[in-house]
Amino acid sequence: MSSIFRFKKFDILQEQSALKVGTDAMLLGALINTEHASHGLDLGSGTGVLSLMVAQQNKSILIDAIEEHAESYNECKSNFQYSPWQNRLEVHLHNYFSFSFERKYDLIFSNPPFYFEKESHTKSKNLASKHTTKEDFDRFASLVIYQLSNEGKFWVIVPFNLYKYIVDYNIFKSLYINNLVFISPKQNKSISRVVMCFSFHETIVNKTELILRNSEGLYTDSYIDLTKAFHYNNLKEPGT
């Protein structure tokens, strides 16, 4: 995999980071509604790709990104510095559970670790960075609730089984689900990911479905249209 991932308006250095730019980040970054947000919080920023996608969409938002792994922090910092929005982005080398926040945020977003415990003793940095415990995920939910402003929105992407866990056990407690996007990797395949949007306000839940590839393995028009502001490559070409 290339150490540089090119977007239309910025590049992502990802040589040392455990998690490379993938479909999950592309989906979440493209689906986040940044309208009316003035202060954003990126929990576990990795390379900073989500913050950069949000900054591209919202021309005035100020974003704090929190990343505890030094390699990812260094690349995130570099990616911010060489972007068109460097003055609106700041990354902090810290664990977000012990970080001293100075404000609440009207937009919080995250592509968090989402596999629980069982496979966490792996030597692969990539796999280890995707694992957490149920206790830490519950702490993560409490952190989001505490740091979200009264009118704020929280956006997250999770596997379908974690979506079920979140809903069945009401993990985000005082927050209500406002939006759900059920994502299938291919036509006639099961749902693999769910993008969720929460707030403190109960609304009729807006539910939509998105299929990434058709039966021939080509990207669907829906996915191409969703990500066209970001993808550098022409996804209509076979093999992309």
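If you're wondering where the values come from, they're calculated on a predicted model, not measured in any experiment. Just so you know, these numbers use all the heavy atoms, side chains as well, and skip hydrogens, waters and symmetry mates.
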Would you indicate whether the side-chain heavy atoms of W85 and K9 approach each other to under 4.5 Å? yes
Side-chain touch P112/V156, heavy atoms, less than 4.5 angstrom: yes
Tell me if the [atom1] atom of [X] is crowded by more than 12 foreign heavy atoms within 6.0 Å.
X    : atom1 : answer
F97  : CZ    : yes
H36  : NE2   : no
Y169 : OH    : no

Please determine if K104 forms a cation-pi arrangement with Y146, meaning its NZ or CZ atom is less than 6.0 Å from the six-membered ring centre and no more than 45° off the ring axis. yes
Should the ring pair F172 and F137 be called parallel, tilted or perpendicular, given that the plane angle runs from 0 to 90° and is split at 30 and 60? perpendicular
Geometric class of the F99/H92 ring pair [parallel <30°, tilted 30-60°, perpendicular >60°]: tilted
Between NZ of K164 and CZ of F160, what distance do you get to the nearest 0.5 Å? 5.5 Å
For residues [X] and [Y], is any side-chain donor paired with an opposing acceptor at under 3.5 Å?
X    : Y    : result
Y105 : D64  : yes
S38  : D106 : yes
T47  : N79  : no

Whether Q56 side chain and A229 backbone form a donor-acceptor pair below 3.5 Å: yes
